[in-house]
2 protein chains.
Amino acid sequence: MTDASVAPLDTARAWEVVLQHIEGELISGALRPGDHLPAERALAAELRVGRSSVREAIRVLEVLGLIRTQSGSGPQSGAIIIARPSGGLAALVRLQVAAHGFAVRDVVKTRLVLESAVVTELAENPAAELSAARELLDAMEAVPAPDAPAASRDEFLTLDQAFHLALAAASGNEVMAAMMGGLRDSVEAYVRVGASFLPSWETTSARLKIEHRGILAAIEGGDAELARTRIREHIERYHAETDVSGIHAPTP
Amino acid sequence: MTDASVAPLDTARAWEVVLQHIEGELISGALRPGDHLPAERALAAELRVGRSSVREAIRVLEVLGLIRTQSGSGPQSGAIIIARPSGGLAALVRLQVAAHGFAVRDVVKTRLVLESAVVTELAENPAAELSAARELLDAMEAVPAPDAPAASRDEFLTLDQAFHLALAAASGNEVMAAMMGGLRDSVEAYVRVGASFLPSWETTSARLKIEHRGILAAIEGGDAELARTRIREHIERYHAETDVSGIHAPTP
DNA sequence: CAGACCATGTGGTCTGACCACAATAACACG
DNA sequence: CGTGTTATTGTGGTCAGACCACATGGTCTG
């Protein structure tokens, strides 16, 4: 048994050792998406660190969206390398916005830049697979919006986000897709609050549907310039309408 | 004392409770950059969770670049909210690349999109403060590059990155600056490896200097289109030259 | 008054012990 | 012989307590 508490020997904290070990195995290809990480206890023994240190590294990987953990037994249990990235960026951006107070304006601006690039890419690539986006638009039409109970508003907003993400996914650039998702999530709260203050949700949602169709049409028509213009107006108008800059924190 | 092991009561894991608690205090403004988090033991007692759960949350925040931890005593010890965000995105992207979640190509592409937006913004805004970028270019000229010992190469690359970040900072959009920095950092390793394989570093660095001057000149001349073209060629050419896509893993 | 010296508080780590859960193996019973 | 039930095993999730190394600040001594 190793003597207890041998922390600052190598300057690298124990959990960093674990993290670097796993990263190394990812780079070398010893670990690939779908693979299981060794059990926490086994990893701890292998690397000669405490299980708590292993857990701290595992936690980081989980939040970063690299692995998924599941207790219990069987093939689905343990820590599994996730193939498709998700969540991590959203959590990061959300927390950075919360902590450092990134201006919502800057977040929206950045998102606009990315979305413009996405639609440009799609418009210039006729082979783009847009059926997913199309289906989401159909689903949006189907949302019951009689007089907009909060539930249907939320459902619509969810579909709205899914539409934008579908476009990003269609572009094939997962980095951009993940970033867009993260940026959108981080201003999500503001959007939902703002949406509840709209004079007429029915009017707004109808306009949003039209704008979405317009964006998709521009892409399918191969008109990148038009697609850029429309996505810009779509985002800018929406955030102008749902502006809640005077609400933020209840500064008395 | 609370009964030991009361995990799946509320469906939220203990460390998530801690994370959400801290996030809430960030959003509400109770915690601001520069503030100290409560001591781990105190936080654990307050939230009725184990210290290890608190540590897992702290670890996540640290990797995400939100806090800095320092053992010992005094004003500099403990977990402190970091003022300027850094590192987090780079770590995330780097690990995602390692896990094959992101392609380096996509990372570079995304960076290109952001940088294009930055130079466009700068070119269209005559009031932009570019003195920092200018000074960095002067510093680059001064780097002794006789026959490029590795040290001067590294120094040059550092200044190179600083130049790009200075442009982003000048645009005033912190989100974009943070993302650009993170993306650049995440491919840093690839860049440095590639740079060591260049046939003639002297030639390359001379070209890079010229390109940098050209970008800055286009911005100062208010020619957004030209600035975009130049930044694109700058980045694309560089990554074409330092392409190490065939190196990666020694797939036998 | 200055320097040495402990007391204190902090993160960092390890160990050992539970719990809840899911899959599987072993078993008993009709 | 088949089938349903019951241990067994292995996993993450959590907690509690114990050290260590370190930095600080007050206290004590020469």
Side-chain angles (χ1 to χ4, degrees), chain A residues 1-22 34-64 66-82, chain B residues 1-22 34-64 66-82:
Chain A
M1 51 221 62
T2 62
D3 48 347
S5 358
V6 196
L9 269 183
D10 5 51
T11 63
R13 286 118 109 201
W15 65 270
E16 286 180 317
V17 172
V18 180
L19 206 53
Q20 286 164 14
H21 173 80
I22 296 176
D35 287 353
H36 282 66
L37 250 56
E40 295 179 355
R41 292 167 177 83
L43 205 48
E46 178 188 348
L47 300 180
R48 310 295 219 81
V49 298
R51 190 184 160 208
S52 46
S53 299
V54 171
R55 282 185 59 76
E56 291 183 18
I58 297 265
R59 197 60 57 230
V60 166
L61 292 173
E62 181 178 345
V63 170
L64 260 40
L66 260 84
I67 62 176
R68 166 177 72 78
T69 63
Q70 173 75 53
S71 60
S73 173
Q76 292 306 311
S77 74
I80 305 177
I81 312 277
I82 294 180
Chain B
M1 53 217 59
T2 62
D3 47 347
S5 1
V6 195
L9 268 183
D10 6 49
T11 63
R13 287 118 106 199
W15 64 271
E16 285 181 317
V17 172
V18 179
L19 206 53
Q20 286 164 14
H21 173 80
I22 296 176
D35 287 353
H36 282 66
L37 251 58
E40 295 178 356
R41 293 166 177 84
L43 206 47
E46 179 188 347
L47 299 180
R48 310 297 218 80
V49 298
R51 191 184 158 205
S52 47
S53 299
V54 171
R55 283 184 61 75
E56 290 182 17
I58 298 262
R59 196 62 55 232
V60 166
L61 292 173
E62 182 178 345
V63 170
L64 259 38
L66 256 84
I67 63 177
R68 168 177 69 78
T69 62
Q70 173 76 53
S71 61
S73 171
Q76 293 306 311
S77 73
I80 305 176
I81 313 276
I82 291 181

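These values consider heavy atoms only, across backbone and side chains, with no hydrogens, waters or symmetry-generated copies. On a predicted model such as this, the values are computed, not experimentally measured, just so you know. Chain letters run A, B, ... following the sequence lines, proteins first and then strands; every chain starts at 1.
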Given [options], which nucleotide is nearest the side-chain atoms of [X]?
X       : options                : answer
A:Ala39 : C:dA22, D:dT11, D:dG13 : D:dT11
B:Val49 : C:dG12, D:dC15, D:dT24 : D:dC15
A:Thr69 : C:dA23, C:dG11, D:dG13 : D:dG13
A:Trp15 : C:dT13, C:dT10, C:dC14 : C:dT13
A:Ser77 : D:dT11, C:dC14, D:dG13 : D:dT11
B:Pro75 : D:dG25, D:dG10, C:dC14 : D:dG25

(message) Among A:Ile58, A:Ile22, A:Ile80, exactly one meets side chain to side chain contact (heavy atoms under 4.5 Å, CB included) together with A:Ile67. Which residue is that?
(response)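 Going through A:Ile58, A:Ile22, A:Ile80 one by one, the side chain to side chain contact (heavy atoms under 4.5 Å, CB included) with A:Ile67 is satisfied by A:Ile58 alone.
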When the distance from [atom1] of [X] to [atom2] of [N] is rounded to whole Å, what number comes out?
X       : N      : atom1 : atom2 : value
A:Arg13 : D:dC20 : CZ    : C1'   : 16 Å
B:Gln70 : D:dT24 : CD    : P     : 8 Å
A:Arg59 : D:dG12 : CZ    : C1'   : 8 Å
B:Leu19 : D:dG13 : CG    : C1'   : 16 Å
A:Glu56 : C:dG11 : CD    : P     : 12 Å
B:Ile67 : C:dG12 : CD1   : C1'   : 14 Å
A:Leu37 : D:dG10 : CG    : C1'   : 16 Å
A:Leu47 : C:dT15 : CG    : C1'   : 17 Å

(message) Restricting to non-hydrogen atoms, name the atom on A:Leu43 and the atom on A:Pro38 that form the minimum distance, rounded to 0.1 Å.
(response) CD1-CG, 3.9 Å
(request) Of all the heavy-atom pairs spanning B:Ala14 and B:Ser53, show the shortest one and how long it is. (result)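 Result for this residue pair: CB-OG, 3.5 Å.
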(message) Measuring to OP1 and OP2 of C:dG12, would you say a side-chain N or O of A:Ser53 lies under 4.0 angstrom away?
(response) no
(request) With DNA chain C as reference, determine whether A:Val54 or B:Gly78 sits nearer its 5' end, using the nearest nucleotide of each. (result)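 With A:Val54 and B:Gly78 compared, the 5'-side residue is B:Gly78.
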(request) Determine whether A:Ile81 and A:Leu66 make a side-chain contact, defined as any pair of heavy atoms from C-beta on separated by less than 4.5 Å. (result) no
(request) Using atom types as modelled and distance alone, determine if a side-chain donor or acceptor of B:His36 lies under 3.5 Å from a backbone N or O of B:Pro75. (result)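 Yes; judged by distance alone, with no hydrogens or angles, the pair exists.
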Answer yes or no: side-chain N or O of [X] and base N or O of [N] forming a donor-acceptor pair under 3.5 Å.
X       : N      : value
A:Arg55 : D:dT14 : no
B:Arg51 : D:dT14 : no
B:Arg41 : C:dG11 : yes

For a quick check of understanding: with a heavy-atom distance under 4.0 Å over all strands, which category does [X] fall into, base, sugar-phosphate or nothing?
X       : value
B:Gly50 : sugar-phosphate
A:Gly74 : sugar-phosphate
A:Ser52 : base

(message) For D:dG30, give the paired nucleotide (Watson-Crick: N1-N3 plus N6-O4 or O6-N4; G-U: N1-O2 and O6-N3; both under 3.5 Å), or none.
(response)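 The base-pairing partner of D:dG30, which may sit in any strand shown, is C:dC1.
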(message) Check A:Arg13 with B:Glu62, please: is the shortest side-chain N to carboxylate O separation under 4.0 Å?
(response)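 The answer is yes: the pair qualifies as a salt bridge.
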